[in-house]
Every structure is written in structure tokens, then in C-alpha cells.
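Have a look at the structure below before the remarks.
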There are 2 protein chains.
Amino acid sequence: MKSKQSKESEKESEVGVAKAAAREAFIPVMRELVRAYQAYAVYSQTHIRELGLTPAQFDVIATLGNTDGMTMGEVADKTLVTKGTLTGIIDRLEQKNLVRREVPEGNRRCFMLILTPEGEQVFEEVFPTHIAHLKERFEQLTPDEMQQLQSLLKKLRGLFE
Amino acid sequence: MKSKQSKESEKESEVGVAKAAAREAFIPVMRELVRAYQAYAVYSQTHIRELGLTPAQFDVIATLGNTDGMTMGEVADKTLVTKGTLTGIIDRLEQKNLVRREVPEGNRRCFMLILTPEGEQVFEEVFPTHIAHLKERFEQLTPDEMQQLQSLLKKLRGLFE
DNA sequence: TATTGTTATACTCTATAACTATA
DNA sequence: TATAGTTATAGAGTATAACAATA
């Protein structure tokens, strides 16, 4: 993610900055949304990859942790991935022996996805480690700032849904 | 992006929510950051794909628009992509006849990437269209909210860099 | 030797749509 | 017929590292 071949700079384009449109008042907010997220994502994903998982795989494990299992469809919904894509992700997690498919009684056309003991262990060790890694940064915001930021982001999200 | 095979729900996992860590005060902010960005990204990228470009390709065109051209390295920096990846992206944009490589005088080991007339046209038509599409949503924030959100996001970004 | 890009390798994820097997 | 997943296809972007050409 980072530490590729050297990336220090700041992303501009996805933010959409051009003379013609640069006058729009919302551009700076959009720009900061993208930059803040990207800075977060780079920080987060770099750590996840160091732990030996892809972001998508981490997502699935985080989703399945502390549950009794979920179907493919449920996990696909939660992780914003299509069923077809999820099949591949689960295949790779099965190869790593972190997740297994179990046919539930009563409905043989779906699977329950369940963390294996190794998967549980990853969840229990890797997950808190990762949270702690994120906490280091986020906690430099004051409680007040967190509160404000949260509610503004929530409102913004609402506008796109 | 959306309109895949049906995605309505809300992403949970990348946000990292688990009992063990759920007590952390920063989790809700992180969660909203991810959700807000994703809602934005889905909205934005869906529109970009409708216009016939991938997000990465749009990025490059937006970066090159209103410039006299930039080198591979410069564009790679701005778009947060490695040189190797950018080679492929530029290849595809050259196939579409939207960008060309030009060897500058004086330094024959680099290229200037320049929008072709077709590329300029895409930039001039597609870009404002896209900005207008985004504006619809962002402008439902009050000026005050924009201002606050911008500065909070900026601070947050600073914590990750 | 250092810099700028390209190439090679090997994956992971993506979208779309057709298909299988249940129900 | 409708539902839950898989498979097939074809990209597109990712990382990493070795490589060529130029400076």
C-alpha cells in the first residue's frame, strides 16, 4: 500500500480539482474527505498486510468474529462485495484454513461461514492488535472533536444513500 | 460499483467492530469515516464508470487537465499509484486515445504525459458533469458544516501522515 | 552510480452473466 | 419460479523486483 516504491505526496485527482470547477464551495470538503480516508486506509491496510491478510480477507474475518457464523449472502452484504467475488475470497481463506463452509441443516442450498480455530485465533490476536494500532492515531482527537466529526460524517453519508 | 447484484447494506468489517475492542471511544468515528467515504466513493465511481472511465483513469485525466503535461513520476505521485501500475493505466488511456507520451527535449529518459484533443474534450465535458453530480449532494451541507468538517478531516489526516 | 520508466510475475479484486442445486 | 452460491470470462489494479536506457 505504502512502502511501494515511494509515495509521499498527496492525492489530488480523485478529489477532482480543476479550474473550471474549483470555485465550487464543496470541493475542499470533498478533497479532505478523500485525503483523510486515504491516509487512514494506507495506515490501516499497511498494517493488515503486515499481518498476512488482504483488506478483503481481514474484512471477512472481522465480520465473522464473535458470531456463530453467517451465510455467504450475509457476509457479502456486510462487506459490500458481490457473491461472486466473495466466493474467491472465501476460497482463499479456506486455503489458509481460517474459515470453513458448513452446510446447515434444513437448507442445503446455502453455507454457514465459520471461523476455524485458527481463524478465531487470528481474530483474537490480530484484531485487537490492529485496533490498538489505529487507536494510537485516532486518540489524538479530543472527545469533542470525535463527537463532532462523527456526526458530521454521519450526515454526509446520509446525503449519499 | 453499486448495481452489482444488489448491495444495499452497510459495511461493517473494514471499520473493525468486535466486542473486545468495541469499547474504544474512537471506533464510532472510524466507522463513520469509512462509511461516509464509501458512500461517497460508490456514488462517485458509479457515475465515473457510466462515463466510460475507471476511477484510476479518471484520476489521471483529472490530474493532467489544465496542465502542460507531467511526467510518469509526477502523475504517479499525485495519484498515489506506483510507476509500474501507472504504466498499465497509461497504456489503456493511450489505447483509448485520451493521453499520449511525448519525449521531452533535454531528458530522454522520461515522458511527458499529455492529454490528446480527445482527452481534453473528455476533461472539459466529463469533469464538470461529474462535479455537478457531486455538488447535488455535498451542497446539502450548510457552509458552516462544510467548514467544520473540512477542518476536522484535515486534522485527522494529519494524524496519519 | 542514480534516475526514469518498463517489464515480468503472480495475485486479488471487480463486474456481469450464465449456470447448478436446492426450495 | 425464486433463492443461494458457483463458475466463467475478461479486465483492472496491486506489490515487488529485476531490468534497460539515460544522465
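All values below come from the heavy atoms of this structure, side chains included, with hydrogens, waters and symmetry mates left out. So you know, we letter chains A, B, ... as the sequences are listed, proteins then strands, and number each from 1.
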OP1 or OP2 of dG5(D) less than 4.0 angstrom from a side-chain nitrogen or oxygen of Thr71(A), does that happen here? yes
Ranking dT14(D), dT6(D), dT6(C) by distance to the side chain of Lys83(B), first place goes to dT6(C)
Residues which pass side chain to side chain donor-acceptor pair (under 3.5 Å) with Glu102(A), listed by chain and number, not counting sequence neighbours: Arg100(A)
On the nucleotide dG11(D), are OP1 or OP2 found under 4.0 Å from the side-chain N or O atoms that Thr54(B) carries? no
Starting from C1' on dA12(D), measure out to CG on Leu53(B) and report it in whole angstrom. 13 Å
Under 4.0 Å between any heavy atoms, over every strand shown, what does Leu86(B) touch: base, sugar-phosphate, or nothing? Just pick one. nothing
Calculate the interatomic distance between Asp59(B) atom CG and dG13(D) atom P; express it in whole Å. 10 Å
note: Arg92(B), atom CZ; dG11(D), atom C1'; distance rounded to Å ~ 8 Å
Ignoring hydrogens, what is the shortest heavy-atom contact between Val81(A) and Leu86(A)? Give both atom names and the distance. CG1-N, 3.6 Å
Between Asp91(A) (CG) and dA8(D) (P), how many Å, whole number? 12 Å
List for me each residue that meets salt bridge (charged side-chain N to carboxylate O under 4.0 Å, His left out) alongside Lys155(B), sequence neighbours excluded, and say none if there are none. Glu145(A)
Any residue meeting salt bridge (charged side-chain N to carboxylate O under 4.0 Å, His left out) with Glu118(A), in chain and number order, not counting sequence neighbours: none
Reckon Thr87(B) touches a base, only the sugar-phosphate, or nothing at all at heavy-atom distances under 4.0 Å? base
Name the closest nucleotide to the Phe111(B) side chain, picking from dA15(D), dA15(C), dT6(C). dT6(C)
Taking CZ from Arg101(A) and P from dA4(D), how many angstroms apart are they, rounded to a whole number? 16 Å
Would you tabulate the side-chain donor-acceptor contacts of residues 103-115 of chain A under 3.5 Å, counting partners in other chains and residues two or more places apart, or write 'none'?
from      : atom 1 : to        : atom 2 : distance (Å)
Asn107(A) : OD1    : Arg109(A) : N      : 3.0

Atom CG of Leu113(A) to atom P of dG5(D): distance rounded to whole Å? 8 Å
Specify the separation, in whole Å, of atom CD of Gln95(A) and atom P of dC11(C). 10 Å
Any protein N or O atoms within reach of nucleotides 20-23 of chain C? Criterion: under 3.5 Å, listing atom names and distances.
from    : atom 1 : to        : atom 2 : distance (Å)
dT22(C) : O2     : Arg109(A) : NH1    : 3.2
dA23(C) : OP1    : Arg108(A) : N      : 2.6
dA23(C) : O4'    : Arg109(A) : NH1    : 3.1

Between dT6(C), dT14(C), dT14(D), spot the one nearest the side chain of Val81(A), thanks. dT14(C)
Specify the separation, in whole Å, of atom CD of Gln57(A) and atom P of dA15(D). 15 Å
So, using salt bridge (charged side-chain N to carboxylate O under 4.0 Å, His left out) as the criterion, who are the partners of Glu139(B) when residues are at least two apart? none
Non-hydrogen atoms of Gly52(A) and Lys96(A) that approach each other most closely: O-NZ, 3.2 Å
